[in-house]
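Below is one structure, written out as structure tokens; comments come after it.
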Number of protein chains: 2
Amino acid sequence: MDRSELFRDFIAFTASVLETKHDFTKDIRIEGITPVQYGILEYLFAHRDEPVTISEMSDCQHMSLPNTSRELRKLGEKGLCEKFSDSEDKRKQYIRLSPEGQARMAEAFRKVEARFLERIRGISDEELAELARAIRLLDGKVF
Amino acid sequence: MDRSELFRDFIAFTASVLETKHDFTKDIRIEGITPVQYGILEYLFAHRDEPVTISEMSDCQHMSLPNTSRELRKLGEKGLCEKFSDSEDKRKQYIRLSPEGQARMAEAFRKVEARFLERIRGISDEELAELARAIRLLDGKVF
DNA sequence: CTATCTCGTTATCAAATGACAACTAACGAG
DNA sequence: CTCGTTAGTTGTCATTTGATAACGAGATAG
């Protein structure tokens with residue numbers, strides 16, 4: 001097993017994944033949302049119900065706490081997300097999508113899902129099951 | 001086969017891939033290179049010998065031709081890449097890494113490869129072969 | 001109680017990025 | 001040759017993003 005060759009495949013693969021993600025989401029534009037803000041909304045949308053603190057957001061989105069705070073404030077002003085504080089530790093602020101934000105993201109993701117379904121349209125159920133296994137395998141072992 | 005469930009797995013998977021890529025490359029800093037410029041260098045490095053025109057770069061990196069031109073000029077001034085024109089169509093400008101740029105990227109990628117190898121260290125050759133198949137399958141069918 | 005630490009906010013600044021207009025040069029069709 | 005098109009450049013501007021300092025309020029250890 002040539003592990004360096006696998007590395008090259010890995011690099012090419014991540015580039016493909018990135019490209020595909022971009023294709024699927026490039027023209028998803030919510031009002032006056034910047035790319036970074038969209039990233040935050042997507043993160044919140046993906047984490048459905050689990051409460052997320054601002055520090056965690058900051059880590060995951062790879063931005064400083066002050067900048068995260070600023071962008072969240074902007075999103076709050078736009079009515080797309082809301083804060084609520086921990087009942088135990090009052091320093092902690094949790095953040096979630098507002099109903100409005102939830103609705104907007106759900107709408108956006110219907111478009112993305114439609115594109116995804118279109119892309120896999122011609123693939124048989126057996127092959128899809130195989131793809132699902134491949135995704136789980138990779139997700140467990142490498143990513 | 002629930003295709004919507006596959007969609008959700010797909011979304012989670014792309015997020016994981018993005019995160020992993022970020023982990024592997026976050027502290028790769030070449031001199032005074034901006035993130036966008038790094039993206040260009042990475043693209044050129046990945047495309048080894050195939051000549052790439054500025055318009056193609058512009059498409060793939062999802063930036064306008066004027067901005068691509070500007071960033072390439074900056075990279076040229078830093079001595080990291082170089083242009084040469086098509087002998088047939090003199091409007092076309094091809095772009096490639098300079099020897100210096102090639103060396104810098106090779107060095108950076110040795111670090112990335114080391115991290116990748118570390119991550120797959122405990123995985124047996126049989127499992128790796130399976131992973132390689134999974135990557136090829138996904139790359140062919142979905143991405 | 002009082003340091004110290006954590007979580008978050010606010011303000012400010014510089015740099016990076018994106019968008020666009022105006023331009024040159026080369027090609028290609030008629 | 002002329003006109004329209006393609007490839008790329010230059011310049012300018014507003015916005016976005018990243019970095020950092022200074023601060024406040026709540027937790028926590030000694």
Side-chain angles (χ1 to χ4, degrees), chain A residues 18 22-23 25-44 47 50-78 80-96, chain B residues 18 22-23 25-44 47 50-78 80-96:
Chain A
L18 211 67
H22 183 267
D23 284 347
T25 56
K26 60 174 171 246
D27 59 348
I28 303 291
R29 294 259 65 95
I30 295 186
E31 303 267 302
I33 286 321
T34 70
V36 167
Q37 287 165 7
Y38 176 79
I40 291 176
L41 293 180
E42 197 176 272
Y43 181 84
L44 290 174
H47 286 71
E50 320 156 39
V52 185
T53 70
I54 301 189
S55 299
E56 286 162 2
M57 281 274 333
S58 165
D59 285 345
C60 297
Q61 297 289 306
H62 316 113
M63 53 197 292
S64 70
L65 201 44
N67 291 336
T68 306
S69 174
R70 174 185 59 196
E71 298 308 322
L72 285 174
R73 178 177 49 72
K74 289 179 183 170
L75 286 171
E77 286 165 0
K78 294 177 210 289
L80 296 172
C81 68
E82 44 196 31
K83 289 177 205 164
F84 59 102
S85 46
D86 190 307
S87 50
E88 316 235 305
D89 186 340
K90 285 174 191 163
R91 289 169 307 178
K92 285 189 185 170
Q93 294 277 93
Y94 291 102
I95 197 97
R96 70 177 159 222
Chain B
L18 212 68
H22 183 267
D23 284 347
T25 55
K26 61 174 170 247
D27 58 349
I28 302 292
R29 294 258 65 97
I30 296 185
E31 302 269 302
I33 285 321
T34 71
V36 167
Q37 286 164 9
Y38 176 79
I40 291 176
L41 293 181
E42 198 175 273
Y43 181 84
L44 290 175
H47 285 71
E50 320 157 38
V52 185
T53 70
I54 301 189
S55 299
E56 284 162 4
M57 280 275 333
S58 165
D59 284 345
C60 298
Q61 297 289 306
H62 315 114
M63 53 197 293
S64 69
L65 201 45
N67 291 336
T68 306
S69 174
R70 173 184 61 195
E71 298 309 322
L72 286 174
R73 178 176 50 71
K74 289 179 184 170
L75 287 171
E77 286 164 359
K78 294 176 209 289
L80 296 172
C81 68
E82 44 196 31
K83 288 177 205 164
F84 59 103
S85 47
D86 191 307
S87 50
E88 315 237 305
D89 185 340
K90 284 174 190 164
R91 288 169 309 177
K92 284 190 186 171
Q93 294 278 93
Y94 290 102
I95 198 98
R96 69 178 159 222

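Every value quoted in this text rests on a predicted model; they were computed, and no experiment measured them.
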Quick one: the side chain of A:R73 and the base of C:dG8, do they pair up donor-acceptor inside 3.5 Å? no
To the nearest 0.5 Å, what is the distance between CG (B:L44) and CD1 (B:I95)? 6.5 Å
Determine the contact category for B:L65: base if any of its heavy atoms lies under 4.0 Å from a base atom, sugar-phosphate if only primed atoms, P, OP1 or OP2 are that close, otherwise nothing. base
Would you kindly check whether a donor in the side chain of B:D89 faces an acceptor in the base of D:dA7, or vice versa, at under 3.5 angstrom? no
Taking a pair as Watson-Crick or G-U wobble with both distances under 3.5 Å, which nucleotide is matched to C:dA22? D:dT9
Residues B:K74, B:E71: salt bridge by 4.0 Å N-O rule: yes
Which nucleotide, D:dG11, D:dG8, D:dG18, lies nearest any side-chain atom of B:P66? D:dG11
Can you work out whether A:K90 or A:V36 has the more 5'-proximal nearest nucleotide on DNA chain D? A:V36
With a 4.5 Å limit on heavy-atom distance, are the side chains of B:Q37 and B:I30 in contact? no
Side chain of A:S69 (C-beta onward), nearest among C:dT10, D:dG18, C:dC7: C:dT10
Between A:T34 and D:dT17, does any side-chain N or O lie under 4.0 Å from OP1 or OP2? yes
Would you mind telling me which of C:dT9, D:dG8, D:dT12 lies closest to the side-chain atoms of B:R70? D:dT12
5'-most by nearest nucleotide on DNA chain D - A:E88 or B:K83: B:K83
Nearest-Å distance, CG (A:N67) to C1' (D:dT20)? 10 Å
Distance from A:E42 atom CD to A:I40 atom CD1, nearest 0.5 Å? 11.5 Å
